[in-house]
Protein chains: 2
Amino acid sequence: METKPLEIEIGLLHERICSALGDPTRILILYMLSEKGMFVNELSEALNIPQSSVSRHLRILRERNLVATERQGTAVLYTLPDKRIIVALDLMREILSSQLRQEAKITSAIHNQNSSEKKE
Amino acid sequence: METKPLEIEIGLLHERICSALGDPTRILILYMLSEKGMFVNELSEALNIPQSSVSRHLRILRERNLVATERQGTAVLYTLPDKRIIVALDLMREILSSQLRQEAKITSAIHNQNSSEKKE
DNA sequence: ATTATTTATGCGCTTATCCGAATATAAGGA
DNA sequence: TCCTTATATTCGGATAAGCGCATAAATAAT
């Protein structure tokens with residue numbers, strides 16, 4: 001079974017980037033860090049999520065170099081070293097809102113259809 | 001417990017777009033469809049993956065409107081209605097290759113360090 | 001050294017995701 | 001109708017991912 005170059009690259013893309021986006025909390029963390037660097041407990045409080053859970057999510061992001069760390073005393077400041085991930089996420093949000101607009105159109109079209117059917 | 005607007009939007013973003021990218025096969029399918037429309041069996045053969053598996057992946061993409069379908073006799077042609085998802089994926093590939101270049105730099109720096117240490 | 005603070009990890013559990021094989025469904029032709 | 005082709009779904013099982021709680025590890029201060 002041969003594995004083509006594209007497949008290998010996509011496999012790596014999934015493993016390193018896409019799978020990190022596979023949890024809504026992690027996406028939210030990326031957006032929060034795009035505003036400013038934050039400590040673990042800050043994120044934990046802001047998200048209202050247990051510290052251990054935040055720490056685990058941060059580990060996944062850190063292992064993939066999507067966030068960077070900087071020790072400050074006993075605390076660890078997390079920052080976003082490459083803002084392009086936010087650009088990619090924003091693009092996906094645009095795709096989503098296109099979809100939602102489209103779905104709203106279809107829904108209202110069905111409503112119009114129903115009300116004109118009633119008239120007949 | 002309040003849920004802020006951003007959280008809701010991110011939740012939807014994850015549910016509808018990001019989670020669909022959570023499997024390498026699905027990413028590969030999107031790339032293949034970006035070249036040309038394909039039938040299920042074509043994808044199945046090209047990917048060397050069982051038809052049922054491909055069909056399931058296509059369902060996930062279809063439910064999220066990331067692919068469109070068009071019946072042609074007994075077969076179903078799958079196409080990519082919005083190429084922007086490819087733009088987003090390509091951007092992530094760029095981020096990844098930046099990372100890989102960076103890692104290569106660090107690795108070679110360590111090698112240089114080691115060899116100069118040996119000299120002393 | 002002891003203690004306080006902050007972050008990371010181990011553990012057990014639950015849930016979600018993926019898979020292959022088999023079966024069901026849909027469309028078209030003999 | 002019956003059969004063929006193409007696609008979709010169901011089933012059962014295996015694997016991965018996420019969570020909360022408790023605990024370990026790291027740093028700094030007394």
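Each chain gets a letter, A, B and so on, in the order the sequences are listed, and its residues count up from 1. The analysis underlying the following values was restricted to heavy atoms, covering all of them including side chains, and did not include hydrogens, waters or symmetry mates.
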Engineer: So, A/S55 side chain and A/S52 main chain: donor-acceptor pair closer than 3.5 Å or not?
Structural biologist: no

Engineer: Going from NE2 on B/H57 to CG on B/L30, what distance comes out if it is rounded to the nearest 0.5 angstrom?
Structural biologist: 11.5 Å

Engineer: Measuring only between side-chain heavy atoms, which start at C-beta, is A/L12 closer than 4.5 Å to B/L100?
Structural biologist: yes

Engineer: Can you tell me how far C1' of C/dA24 sits from CZ of B/R59, to the nearest Å?
Structural biologist: 14 Å

Engineer: Keeping A/T69 on the side-chain end and A/Y78 on the backbone end, is there a donor-acceptor pair under 3.5 Å?
Structural biologist: no

Engineer: What does the B/S/- profile of nucleotides 13-22 of chain D look like, 5' to 3', with a 4.0 Å heavy-atom cutoff to protein?
Structural biologist: -----SBBBB

Engineer: Under 3.5 Å, is there a donor on one side chain and an acceptor on the other for A/Q102 and B/N65?
Structural biologist: no

Engineer: In whole Å, what is the span from the CD atom of B/E63 to the C1' atom of D/dA8?
Structural biologist: 12 Å

Engineer: Nearest whole angstrom, please: distance from the C1' of C/dA27 to the CD of B/E70.
Structural biologist: 15 Å

Engineer: Would you mind building the protein contact string for nucleotides 25-30 of chain D? One character per nucleotide, 5' to 3', B for base within reach (heavy atoms under 4.0 Å), S for sugar-phosphate only, - for untouched.
Structural biologist: --BS--

Engineer: Please report the distance, rounded to the nearest Å, between CG in B/L77 and P in D/dT7.
Structural biologist: 10 Å

Engineer: Taking A/Q99 for its side chain and B/R64 for its backbone only, find out whether a donor-acceptor pair lies under 3.5 Å.
Structural biologist: yes

Engineer: Round to a whole Å and report the spacing from CG of B/N41 to P of D/dT4.
Structural biologist: 18 Å

Engineer: C/dT6 C1' sits how many Å from A/L58 CG, rounded?
Structural biologist: 13 Å

Engineer: Consider the side chain of A/Y78, meaning its heavy atoms from C-beta on, and name the nucleotide among D/dA8, C/dA8, C/dT6 that approaches it most closely.
Structural biologist: C/dA8

Engineer: To the nearest 0.5 Å, tell me how far A/E94 CD sits from A/L91 CG.
Structural biologist: 6.0 Å

Engineer: Starting from B/L80, can I reach B/L47 by hopping between I/L/V/M/F/W/Y residues whose side chains sit under 4.5 Å apart?
Structural biologist: yes

